[in-house]
Every structure is written in structure tokens, then in C-alpha cells.
Amino acid sequence: MTAAAPLRVPAPARVARPRRYVMCRPEHFEVSYAINPWMDPDAPVDRPRALAQWEILRAVLEEHGHSVETVPGEPGLPDMVFAANSGIVIGGHALSARFAHPERAAEGPAFHRWFAARELRALAPAAETNEGEGDFAFAGQRILAGVGFRCSLSAHAEVEQYFDLPVVSLELVDPRFYHLDTALMVLDDTTIAYYPDAFGPAARDVLSALYPDAILAGEADALSFGLNGVSDGHHVFLDPGATGLIAALRARGFAPVPVDMSELRKGGGGVKCCVLELHHRDTSTGESGS
Ligand code: ARG
């Protein structure tokens, strides 16, 4: 009797959907203060290199069929390049950020002015401390939200009410992963990847109940900012150093696209931190367009 061939479950066919992204060129990027463990004001930053990496990210996103709009950076606001923190935009409704640290406080009004010049259905500045997509990840029918370092449960309540979507609060416990988007990435409306040890026990239980098929990343992939990636449903733009995660994504039918953002890492950010998505909201939820 011969042994049966191992059963191979084919990975599902993934479909990319064109996205609308917002980025802010790192013209004023530097590390002049430290508000997360990655930042060292004594370590030199190579701004031309940061600009070159950022330009490559923008070009790669556009080459994959996505639109990228840019917000002008402002002198004295070196972290403005991390446009994911500018706010949350879903179905044309925008909530602009209110930053936790005084060093970034002026970014809130700067991004708000940019949003205000756009055609949006609704726009409000957050009343609670809220660093936009840093801590809030739109995942189709719900918003996954980090709590612990930069925002509080009252910010989660505000977001839930503003967008009329359930917010799932997830406690972050490791200061290296101070924003949700450093430890968790939404791949499509039903698939996520995350690093379990960045979360408290209750959050881990919630994540494994909601996403039993999630891709679990290890510490090395998380430390190379692999989870700080951007997915269009098929392509996943992420750090080339996250080799384990890249293999896992491929095995699940995603197409990883490595983009090196190592110079921006000196500010504590990667691919996702540099990109805000203007999310389309599915019509079945009662909204349309973005
Ligand atoms: N230096 C910035 C800060 O600490 C980095 C922000 C990174 N952004 C993000 N979406 N995780 O606020």
C-alpha cells in the first residue's frame, strides 16, 4: 500500500481593488525628539535617502493601479510624513487626528486644513486623543482599534459613534509596538495578520475568536515592521526584512511587494505609517463611494 499524497489546500485567488491613498513627502523629516522607542535624536537621519525611499513607495503604489494624493509637509513638523496618523476616512466621512504628544500637536490642524479643502461628506476634528489609522484599522464591517499607548477607550467610543461601525478595542502592551498598525495589518475584509505578543491576553482572545485564520507573525517579522504594511486585497506592500511573513503571505495567495523604508524607521514608522487610505465603504452597509 502506498502512502496518500499530502493534501494540498489551494490558496484562494486574491483580488486587488484600486485604492485611494494619501501621503506626505518627508521634506522636513528628521528625528529631533523621541516619542517612541525607535527614535534616537542622536542618530543621524539621511533625509535624501528617506525621500528616495518614500518616492519609491509612492511609485510602487501607483504602478499597482492605486492613486496617491499628497499633503504638503510643514517645517517644524518632522513626523508629518507619517500620514496614516492624519485621521480616519471611511465612505467620505473624515475624523481628523488629535495627537497625544505636544511635538506633533500642530499636525492635527495642518491635516484638518487639507481634509477641509477636499470634497468630503463630513469632517470633524477628533475630540479625544486619536492618531488616525495608527490605532484604527478599518476591516470591512468593523474597526479594529489599539488602546494603551496613544489613545484611550473614550477615543474608541468617539470613533464608533462617528462612523456608526463597531469598534473592537485591543490592548497594546509592548512599547515597541505603540500603534496598532505596527502589530496588526488588515489584508482584506476578513483576513488579518498580527503579532500576538504585542497584545494583552483579552485582546489575543478576541483576535483569535474573530479571525481564527489570521496569519500570526513572529517577533522578528514584527520588529522589521513587516506588519506595518499596506494591502490592496492581493498585493501586500511591506518591509523586505519580514521574510517569515512574506513566505506566509505567499502561501495564502497574497503577492508580497517588498518596499524598503529603513530610513523612515528611524522615526518609528514603516510603509503603513506613511500611507492613509481613503476607504471606500461597501454599499451593503448603507453607504457608497468614498
Ligand atoms: N514618530 C512618529 C510617532 O511616534 C511615528 C508614527 C508612526 N505612525 C504610525 N502610523 N505608526 O508618533
Side-chain angles (χ1 to χ4, degrees), residues 21-43 45 47 50 53-54 57 71 73-74 76-89 95-108 110-111 126 129-138 143-152 155 159 170 172 174-186 193-195 198-199 217 222-231 237-239 242 259 261-279:
Y21 295 127
V22 179
M23 296 175 65
C24 177
R25 212 166 168 269
E27 272 153 85
H28 306 285
F29 177 59
E30 62 183 357
V31 178
S32 50
Y33 51 79
I35 55 171
N36 69 55
W38 302 88
M39 301 175 84
D40 174 3
D42 295 327
V45 164
R47 193 183 290 153
Q53 291 178 342
W54 184 95
L57 174 60
V71 186
E74 294 196 7
L77 297 177
D79 274 338
M80 246 185 117
V81 58
F82 300 117
N85 299 133
S86 61
I88 307 168
V89 185
L95 190 63
S96 64
R98 175 181 294 266
F99 286 83
H101 293 98
E103 293 88 340
R104 297 193 69 184
E107 291 184 45
F111 283 122
T129 302
N130 177 328
E131 299 191 351
E133 286 199 327
D135 271 325
F136 293 91
F138 177 56
I143 295 173
L144 302 174
V147 59
F149 295 105
R150 298 291 178 94
C151 80
S152 61
V159 167
L170 303 164
L172 294 166
D174 183 332
R176 296 171 302 172
F177 307 109
Y178 57 93
H179 270 144
L180 182 72
D181 71 0
T182 62
L184 181 149
M185 159 164 72
V186 172
Y194 65 99
Y195 171 51
F199 296 90
L223 284 174
S224 65
F225 269 60
L227 292 161
N228 196 249
V230 168
S231 171
F237 308 93
L238 82 169
D239 192 276
V259 188
M261 299 297 275
S262 46
E263 205 55 33
L264 278 308
R265 177 105 42 92
K266 294 177 181 170
V271 172
K272 169 60 206 168
C273 297
C274 293
V275 179
L276 175 79
E277 180 169 348
L278 304 178
H279 291 280

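Every number for a ligand or one of its atoms is a count from 1 in the order of the listing. Index from 1, following the sequence.
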Can you find a pair of side-chain heavy atoms, one from [X] and one from [Y], that are under 4.5 Å apart?
X	Y	answer
V275	L57	yes
D79	H101	no
F237	M261	no
H179	F149	no
D40	W38	no
C274	L264	yes

Would you mind listing which atoms of ligand 1 come within a distance below 4.0 Å of any non-hydrogen atom of [X]?
X	answer
Y178	4 (O), 5 (C), 6 (C), 7 (C)
N85	6 (C), 7 (C), 8 (N), 9 (C), 10 (N)
G268	7 (C)
G134	10 (N)
M39	1 (N)

Nitrogen or oxygen of D181 less than 3.5 angstrom from that of ligand 1: yes
Distance-only N or O hit between ligand 1 and T182, under 3.5 Å: no
Per atom 5 (C) of ligand 1, closest listed option by heavy atom (G270, C274, G267): G267
Which segment of H101 sits under 4.0 Å of ligand 1 when only heavy atoms are counted: neither
Part of R104 within contact of ligand 1 (heavy atoms, under 4.0 Å): side chain
Among N228, T182, L184, N36, the one residue meeting side chain to side chain contact (heavy atoms under 4.5 Å, CB included) with F177: T182
Non-hydrogen atom of F99 closer than 4.0 Å to ligand 1: no
Sub-4.0 Å heavy-atom contact, R150 with ligand 1: yes
Identity and separation of the nearest protein heavy atom to atom 9 (C) of ligand 1: C273 SG, 2.8 Å
Donor on one side chain, acceptor on other, N85 and R150, under 3.5 Å: no
